[in-house]
Amino acid sequence: GQQVMQIPQYQHVQEGEDFTTYCNSSTTLSNIQWYKQRPGGHPVFLIQLVKSGEVKKQKRLTFQFGEAKKNSSLHITATQTTDVGTYFCAAPSAGTASKLTFGTGTRLQVTL
Amino acid sequence: KAGVTQTPRYLIKTRGQQVTLSCSPISGHRSVSWYQQTPGQGLQFLFEYFSETQRNKGNFPGRFSGRQFSNSRSEMNVSTLELGDSALYLCASSVMIAYPQAYEQYFGPGTRLTVT
């Protein structure tokens with residue numbers, strides 16, 4: 001079945017440092033979504049990317065979709081303690097837009 | 001709008017028992033998906049219901065089943081529980097955000113199931 005790999009699994013940064021997580025698929029994706037899950041919480045939708053090479057920004061978060069639509073990244077500038085959580089990418093299975101395959105997630109820890 | 005609600009929030013069961021979890025989606029959302037989340041396997045898709053019909057299914061054994069009612073509320077059932085079924089079960093209601101490609105999923109708080 002479809003697999004979506006994410007790296008790194010875990011990253012620990014000092015507040016103010018930047019953070020990036022990468023998502024890779026072996027197949028071309030129709031779109032990719034990003035979710036954030038706070039410790040003890042549930043995944044919350046952040047954004048969706050659809051177009052090849054698309055870049056979207058949400059305040060300190062920058063999301064990119066690769067030209068080949070096989071990879072994506074989430075970059076956080078100047079992390080804050082409120083950024084702590086696990087970030088997941090998710091992609092629909094071929095032919096079934098509502099069935100999402102989630103990446104393995106990147107857990108971000110931010111310390112002062 | 002009220003968010004996705006799931007009941008119960010916590011459950012402890014014994015091996016061999018069965019369990020039923022409930023999910024009420026956001027009003028107006030007709031698609032409900034279920035996921036199992038464990039530290040080892042991450043978030044895994046169980047199944048999706050749309051207008052009372054199972055539209056998609058993941059790779060889980062037949063012990064895992066579900067259904068959806070006419071008001072879009074959904075239940076999932078796990079029979080003959082095993083220790084490995086201990087997990088956070090998340091329900092998500094979906095709305096299409098880009099035709100025909102994408103559904104934005106709104107997750108509920110989950111049901112934490114512990115099997116002893």
Side-chain angles (χ1 to χ4, degrees), chain A residues 1-10 21 23-25 27-52 54 56 58 63 65 69 72 85-107, chain B residues 3-6 9-10 23 25-26 29-51 53-60 66 68 72 74 87-112:
Chain A
Q2 176 172 287
Q3 286 191 320
V4 180
M5 305 303 295
Q6 245 181 291
I7 55 170
Q9 275 191 302
Y10 172 76
T21 173
C23 188
N24 295 289
S25 168
T27 59
T28 302
L29 304 171
S30 59
N31 68 78
I32 194 154
Q33 299 179 12
W34 285 91
Y35 291 78
K36 176 184 178 182
Q37 185 173 21
R38 295 182 187 274
H42 56 274
V44 174
F45 176 84
L46 293 176
I47 209 160
Q48 181 198 233
L49 305 170
V50 178
K51 300 176 184 175
S52 168
E54 189 169 16
K56 286 188 176 181
Q58 287 180 349
F63 304 84
F65 201 8
K69 300 181 76 172
S72 181
T86 301
Y87 293 85
F88 294 95
C89 60
S93 297
T96 56
S98 55
K99 178 182 176 182
L100 291 183
T101 298
F102 277 78
T104 45
T106 296
R107 186 161 70 92
Chain B
V4 178
T5 58
Q6 290 188 246
R9 293 292 310 277
Y10 302 91
C23 170
I26 292 171
H29 288 194
R30 293 160 63 190
S31 167
V32 174
S33 299
W34 288 89
Y35 293 84
Q36 181 195 65
Q37 186 172 33
T38 59
Q41 299 297 318
L43 267 163
Q44 292 190 288
F45 177 86
L46 280 155
F47 30 65
E48 181 216 1
Y49 286 86
F50 183 86
S51 294
T53 301
Q54 188 180 86
R55 186 159 68 172
N56 288 297
K57 190 177 186 306
N59 299 321
F60 278 81
Q68 187 180 34
S72 292
S74 177
L88 179 66
Y89 289 89
L90 292 158
C91 162
S93 76
S94 305
V95 62
M96 189 184 293
I97 55 175
Y99 180 82
Q101 294 186 28
Y103 285 76
E104 178 178 336
Q105 308 225 340
Y106 295 82
F107 283 84
T111 295
R112 173 75 61 186

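Residue numbering restarts at 1 for every chain, and letters A, B, ... go by the order of the sequence lines. Side chains are part of it too, since the values below use all heavy atoms of this structure and drop only hydrogens, waters and symmetry mates.
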Using 0.5 Å steps for rounding, measure from the OG atom of Ser94(B) to the CZ atom of Phe45(A). 10.5 Å
Spacing of CZ belonging to Phe88(A) relative to OG1 belonging to Thr106(A), to within rounding of 0.5 Å: 9.0 Å
Highest number of heavy-atom pairs under 4.5 Å with chain A among Ser31(B), Pro109(B), Gly58(B) belongs to Pro109(B)
Verify the neighbour count for atom CD of Gln58(A): are there more than 12 heavy atoms of other residues, nucleotides or ligands below 6.0 Å? yes
Using non-hydrogen atoms and a 4.5 Å limit, figure out which bit of [X] sits close to chain A: side chain, backbone, both or neither.
X: Arg112(B); result: neither
X: Tyr35(B); result: side chain
X: Gln41(B); result: neither
X: Leu90(B); result: side chain

Consider only side-chain N and O atoms of Gln105(B) and Gln33(A), and report whether a donor and an acceptor are under 3.5 Å apart. no
Tell me whether the rings of Phe102(A) and Phe107(B) are parallel (<30°), tilted (30 to 60°) or perpendicular (>60°). perpendicular
